[in-house]
Amino acid sequence: MKDYIVVVGGYGHVGQSISRQLGECFPGKVYAAGRNLSRAQQFSRSTNGKVLPLQLNIAGGFDRTLRDRVKLVVMCLDQTDTSFVRFCFENGIDYVDVSANHSFLAQVEQLQAEAKANEATAILSIGLAPGLTNLMAYHAKSLMDHTDALDISIMLGMGDHHGKAAIEWTIDNLGNDFEVVRGDKKVAVASFADGKKTNFGGPLGSRKAYRFNFSDQHVLPLTLGVPTVSTRLCFDSVAITGLLAGLKASGMFRLLRYKPVRSAAVQLFGRMKFGTEIFAVKIDAWGKRDHEHVKVESFLQGTSEAEITAKVAAFVAERAYRAELPHGVYHIEQLFELNPILASMDRSTMFETRTFHLQ
Ligand SMILES: NC(=O)c1ccc[n+]([C@@H]2O[C@H](COP(=O)([O-])OP(=O)(O)OC[C@H]3O[C@@H](n4cnc5c(N)ncnc54)[C@H](OP(=O)(O)O)[C@@H]3O)[C@@H](O)[C@H]2O)c1
């Protein structure tokens, strides 16, 4: 019988919170997996055995016994190829992934036929960004008859704790430029450039955020049919945001291609602890309703990006475990709605939407 859940990276920063939440729902049925058995065992003990330890390197897949007993994998690390995802599909294992790396997610999208043929479901774009940003965009679009453009702005707290994989992803994307969809064309844009001000609401007020390669802006033109989507990032510290934009403009981030510089930047970023734990997301959407031009603004605010990512992942994983979802590869906004996920969160997570008529 297939009744186990394996959280890969399950004792890592985001993974441990997902493992704990799923362990509370399904005690004795959840494995926290990673390459270091003693870390997995130590974590398992901290859950009073509700979460089980598993030594696993995704390069090798599961052994035969486990392969036949795993119903769902929750992936909490960045992969470079789809061999492990294929392994899951071939064994009819459902798959949930918190990665924000679009080049990898695009590779998984190509496995649609394989997932369907093996009666497996994959749900991508799980977390805060991507994840709640996709659902907020979907919600904003649902308030209009037609949506022309969406701006997604994300503010992360410098006082928040971010895991190593998440920091590496951020550092790597400071240096790498990328393409966005504008109308029916792909346009090359520079990372952490082209700053734009938006009002995050309340005391956070208006802040300048800069283009960043979050996967939501690549996925939403396809899943929602919105022709132009842009995602920008800033930090709660205006000084740090300005410093990063200045370093980008000076060309300094080209040095991140060199391994020692990249390692030093990852370490430095991990140690920087000032500012708050607050995150915020703002959606600005332009379109038409009843033949009039309208703008929808949505605001989300809370604390701990990793914790909110884990909450979204645990919500989706629980549904995928309990119910039979359609087979194939999906992004979160194709199977889930924003409100039930927000309702599962505590009161410190605030959401608000406003619609304006434009002349
Ligand atoms: N969607 C969102 O909003 C969002 C937000 C935050 C983070 N994220 C994503 O969440 C993921 C996890 O981030 P994090 O900060 O929690 O990372 P982390 O703390 O570094 O955890 C990564 C985990 O993966 C394990 N691991 C690494 N390579 C492995 C392998 N080959 N086989 C098995 N396990 C392996 C590591 O343990 P060992 O080294 O001991 O194996 C570690 O436990 C990243 O992909 C990040 O981009 C998404």
Side-chain angles (χ1 to χ4, degrees), residues 6-20 31-44 51 53-62 66 73-81 83-85 87-88 96-105 108 123-136 152 154-157 160-173 212-219 231 233 266-267 269-270 277 279-281 300 302-317 331-333 336 341 349:
V6 175
V7 183
V8 183
Y11 52 84
H13 188 56
V14 172
Q16 61 177 274
S17 177
I18 300 173
S19 300
R20 268 185 216 286
Y31 281 107
R35 292 168 297 183
N36 186 324
L37 182 61
S38 69
R39 278 192 70 194
Q41 287 170 330
Q42 195 183 357
F43 174 67
S44 167
V51 177
L54 178 68
Q55 186 167 34
L56 173 82
N57 186 338
I58 51 164
F62 299 136
L66 199 57
V73 159
V74 183
M75 183 58 69
C76 305
L77 61 94
D78 284 317
Q79 300 163 88
T80 47
D81 68 64
S83 44
F84 187 78
V85 186
F87 168 84
C88 291
V96 168
D97 196 321
V98 304
S99 178
N101 185 351
H102 180 249
S103 63
F104 172 73
L105 298 182
V108 180
I123 314 163
L124 313 177
S125 301
I126 303 296
L128 175 68
L132 291 178
T133 53
N134 299 48
L135 292 169
M136 286 172 71
I152 301 169
I154 297 156
M155 191 205 82
L156 298 179
D160 201 352
H161 185 71
H162 304 285
K164 185 163 179 262
I167 293 171
E168 285 174 342
W169 180 85
T170 309
I171 295 294
D172 290 341
N173 279 295
F212 212 69
N213 197 10
F214 286 95
S215 60
D216 46 12
Q217 64 200 318
H218 306 292
V219 167
T231 307
L233 172 68
V266 169
Q267 279 196 11
F269 210 82
E277 290 191 351
F279 69 81
V281 176
L300 179 76
T303 48
S304 179
E305 180 219 14
E307 198 54 39
I308 208 87
T309 291
K311 280 190 175 146
V312 175
F315 183 98
V316 168
H331 290 275
I332 192 168
E333 68 277 14
F336 292 85
I341 296 188
T349 308

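First listed ligand is number 1; within each ligand, the first listed atom is number 1. Here, residue 1 is the first one in the sequence, and each next residue gets the next number.
For atom 19 (O) of ligand 1, the nearest protein heavy atom (residue, atom name, distance) is His13 N, 2.8 Å. Annotation: atom 23 (C) of ligand 1 to nearest protein heavy atom, Gly9 CA, 3.5 Å. Looking only at heavy atoms of the protein, atom 32 (N) of ligand 1 is closest to Ile58 N, 3.2 Å. The single protein non-hydrogen atom nearest to atom 33 (C) of ligand 1 is Leu56 O, 3.1 Å, given as residue, atom name and distance. The nearest protein atom to atom 42 (C) of ligand 1, hydrogens excluded, is given as Gly12 CA, 4.1 Å; this is a heavy-atom distance. What sits closest to atom 16 (O) of ligand 1 on the protein, heavy atoms only, is Val14 N, 2.7 Å. Of all protein heavy atoms, the one lying nearest to atom 15 (O) of ligand 1 is Gly163 CA, 2.9 Å. Atom 34 (N) of ligand 1 has its closest protein heavy atom at Leu77 CD2, 3.4 Å.
Taking 4.5 Å as the limit, every side-chain heavy atom of Val281 sits out of range of all side-chain heavy atoms of Leu132. Contact check for Leu128 versus Leu156: side-chain heavy atoms found under the 4.5 Å cut-off. Using a 4.5 Å cut-off on side-chain heavy atoms (C-beta onward), Val85 and Phe104 make contact. Contact of the Thr133 side chain with the Ile154 side chain is registered, since non-hydrogen atoms from C-beta on lie closer than 4.5 Å. In this structure the side chain of Phe336 never reaches within 4.5 angstrom of the side chain of Val312, judged on heavy atoms. Residues Leu77 and Ile58 have side chains in contact (heavy-atom distance under 4.5 Å, counting atoms from C-beta outward).
The Cys76 neighbourhood of ligand 1 comprises atoms 11 (C), 12 (C), 22 (C), with distances under 4.0 Å to a heavy atom of that residue. With ligand atoms numbered from 1 in the order given, ligand 1 contributes 37 (O), 38 (P), 40 (O), 41 (O), 43 (O) to contacts under 4.0 Å with heavy atoms of Tyr11. When each atom of ligand 1 is checked for a heavy atom of Thr309 under 4.0 Å away, the hits are 2 (C), 3 (O), 4 (C), 5 (C). Close approach to Gly127 involves these atoms of ligand 1, each under 4.0 Å from a residue heavy atom: 1 (N), 2 (C), 3 (O). When each atom of ligand 1 is checked for a heavy atom of Asn57 under 4.0 Å away, the hits are 30 (C), 31 (N), 32 (N). Near Asn36, with a cut-off below 4.0 Å to any heavy atom, the atoms of ligand 1 are 40 (O).
Residue contacts with ligand 1 for Asn101 are absent, since no atom lies close enough (heavy atoms, distance under 4.0 Å). Of the heavy atoms in Ile126, only backbone atoms (N, CA, C, O) come closer than 4.0 Å to ligand 1. Looking at Ala166 against ligand 1, both its backbone and its side chain come within 4.0 Å, counting heavy atoms.
At under 3.5 Å, a nitrogen or oxygen of Arg35, whether backbone or side chain, sits near a nitrogen or oxygen of ligand 1. The shortest N/O to N/O separation between Trp169 and ligand 1 does not fall below 3.5 Å. In terms of N/O distances under 3.5 Å, ligand 1 is approached by Ala129. Of the polar atoms of Gly34, none of the N or O atoms is found under 3.5 Å from an N or O of ligand 1, judged by distance alone. Checked against a 3.5 angstrom limit, the closest N/O atoms of Asp78 and ligand 1 fall inside it. Between Ala165 and ligand 1, a contact under 3.5 Å exists for at least one N or O pair.
A donor-acceptor pair under 3.5 Å is formed between the side chain of Asn134 and the backbone N or O of Gly131. Checked by atom type and distance alone, the side chain of Ser19 pairs as donor or acceptor with a backbone atom of Gly10 at under 3.5 Å. Of the possible polar contacts, one joining the Gln217 side chain to the Phe212 backbone as a donor-acceptor pair under 3.5 Å is found. Proximity of a side-chain donor or acceptor of Gln55 to a complementary backbone N or O of Asn36 within less than 3.5 Å is not detected.
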Please test Asn101 against Ser99 for side chain to side chain donor-acceptor pair (under 3.5 Å), starting from the C-alpha separation and ending with a verdict. CA-CA 5 Å; Asn101 185 351; Ser99 178; 5.1 Å; no
If you apply the rule ring pair (Phe, Tyr, Trp, His ring centres under 6.0 Å), what do you find for Phe84 with Phe62, and how did you get there? CA-CA 10 Å; Phe84 187 78; Phe62 299 136; 5.7 Å; yes
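In this model, a donor atom of one side chain and an acceptor atom of the other lie less than 3.5 Å apart for His218 and Asn213. There is a side-chain donor-acceptor pair under 3.5 Å between Ser17 and Glu307.
A heavy-atom separation below 4.0 Å is not found between Ala59 and ligand 1. Using a 4.0 angstrom heavy-atom cutoff, Pro130 counts as in contact with ligand 1. Taking 4.0 Å as the cut-off, Glu305 counts as a neighbour of ligand 1 on heavy-atom distance.
Counting heavy atoms only, Val98 comes closest to atom 9 (C) of ligand 1 of the residues Leu132, Val98, Val8, Val7.
Atom 2 (C) of ligand 1 is approached by the protein to below 4.0 angstrom, counting heavy atoms only.
Ring planes of Phe214 and Trp169: tilted class, angle from 30 to 60°.
In this structure, Asp78 and Ala100 approach most closely via the heavy-atom pair OD1-N, 4.4 Å.
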